[in-house]
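Here the structure is laid out as structure tokens; the discussion comes afterwards.
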Protein chains: 2
Amino acid sequence: MTALAGLEQFLISKGCKLTRSRRIILQGLLDNEGWSNAREIYAYVQARVHKINFSTIYRNLDALTSIGLLCRVERADAVNYYTLNQASGHHHHLICKSCHKICQLDFCPLPQMDPETLQNFTEVECRFDLYGFCHECQENKKYTDGNGSD
Amino acid sequence: MTALAGLEQFLISKGCKLTRSRRIILQGLLDNEGWSNAREIYAYVQARVHKINFSTIYRNLDALTSIGLLCRVERADAVNYYTLNQASGHHHHLICKSCHKICQLDFCPLPQMDPETLQNFTEVECRFDLYGFCHECQENKKYTDGNGSD
DNA sequence: ATATCAAATGCAAATAGTTGCATTAGCAAG
DNA sequence: CTTGCTAATGCAACTATTTGCATTTGATAT
Ligand SMILES: [Mn+2]
Ligand SMILES: [Mn+2]
Ligand SMILES: [Zn+2]
Ligand SMILES: [Zn+2]
């Protein structure tokens, strides 16, 4: 079974309809291999002859993320990026403030938290992202130094 | 010394200019006692006769937050709320998905993290917010039940 | 009090993303 | 193959927030 077919099957198993747009969005994410934003995905779908609206892109990225097919990460410049979720379990991300590289962080602080700390809140979801400088960007700073931003 | 004077002094100690807008914004946050968003703060300043631009509000809320005078929290509906930072140290927040109540969470997962988990990232900043249902909203659900949203 | 200069402001245009509502298209049942 | 229902889509208007650039103003030095 092709990778695309697997994703499509998962989508259907979650009670979502397999539409033309969704098929091409998934194909685009498979092609890309990295992280893409809504603009990039829009351009990909548009290029495949299929006319599409930005709100459809956004709604589908939301839908695919909420069924667990995609990972969504908000970069330091406040733009959301998406990739196919390769991971088996719940996880978070490390994001480089310089080159915007995104690394998977196989750790969630929530399960280890003392219930008392949670002040009787229930059904708690955790937003946890770490923003720093990746190893390469830190290395580059040593030589370039000074104002090394994007 | 009045509370306002204390805030103003802190502002100056951080090398910021004490402008008319900032004085009124701080007064507004002192008056309010809770959390306010940009619109509410804009309305407050506007009402005090002082004409002001939204971009000035946003820039000031950023500035006051980054010197540690304010806490900023992004609600589940993606609107940012601000309050005077009463806390002494670094902390995070618990946010109710129903009534939007914000509670201080005196815990940060970052210091306890194994350095290896951070994958050689440096100068790491932590975005950590917990979204759930507060005790009261959970109680209300028991009786109301069903579709109990905002 | 006056001059100076950077920081702060106003304005207008842009950004990413969301939403209500009318229309379309998957998909399943007949 | 046709019908029907719901989820998905297109469209246009809207949201919160950001940005570049010209102008103003607060703090400081004269
Ligand atoms: Mn991931
Ligand atoms: Mn706080
Ligand atoms: Zn990097
Ligand atoms: Zn609540």
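Here is the naming used below: chain letters follow the sequence lines, and residue numbers restart at 1 for every chain. Just the heavy atoms: all of them, side chains too, but no hydrogens, waters or symmetry mates, feed the values below.
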Practice problem: Please tell me if the side chains of A/Arg22 and A/Cys16 come closer than 4.5 Å, counting only heavy atoms from C-beta onward. | Solution: yes

Quiz item: So which of B/Thr65, B/Asp62, B/Asn80 actually passes side chain to side chain donor-acceptor pair (under 3.5 Å) with B/Arg72?
Solution: B/Asp62

Quiz item: Within a strict 4.5 Å, meaning less than it, do heavy atoms of the A/Leu69 and A/Asn85 side chains meet?
Solution: no

Quiz prompt | Spacing of B/Asp77 atom CG relative to D/dT15 atom P, expressed in whole Å | solution = 14 Å

Exercise. Test salt bridge (Lys or Arg N to Asp or Glu O under 4.0 Å) on B/Arg127 and A/Glu74 and set out the steps.
Key: CA-CA 11 Å; B/Arg127 173 173 208 165; A/Glu74 185 179 340; 3.6 Å; yes

Exercise. Give a yes or no on whether A/Val73 and A/Leu84 share a hydrophobic cluster (residues Ile, Leu, Val, Met, Phe, Trp, Tyr; joining criterion: side-chain heavy atoms under 4.5 Å apart).
Key: no

Exercise. Give me the first and last nucleotide of DNA chain C, going 5' to 3', that has any atom under 4.0 Å from a heavy atom of chain B.
Key: C/dA6 to C/dC11

Exercise. Ignoring hydrogens and angles, tell me if any N or O in the side chain of A/Thr117 forms a donor-acceptor pair with the backbone of A/Met113 under 3.5 Å.
Key: no

Quiz item: Mapping A/Ser21 and B/Cys16 to their closest nucleotides on DNA chain D, which lands nearer the 5' end?
Solution: A/Ser21

Quiz item: Which of these nucleotides, D/dT6, D/dT17, D/dT25, is closest to any side-chain atom of B/Asn80?
Solution: D/dT17

Practice problem: Would you jot down, in residue-number order, the residues of residues 48-67 of chain B having a non-hydrogen atom under 4.0 Å from DNA chain C? | Solution: B/Lys51, B/Ile52, B/Asn53, B/Ser55, B/Thr56, B/Arg59, B/Asn60

Quiz item: Within this structure, what is the NZ-to-P distance between A/Lys14 and D/dA8, rounded to whole angstrom?
Solution: 14 Å

Quiz item: Going only through I, L, V, M, F, W and Y residues with side-chain contacts under 4.5 Å, is there a path from B/Leu94 to B/Ile102?
Solution: no

Self-check item: Student check: side-chain heavy atoms of A/Gln104 and A/Cys71 closer than 4.5 Å
Solution: no

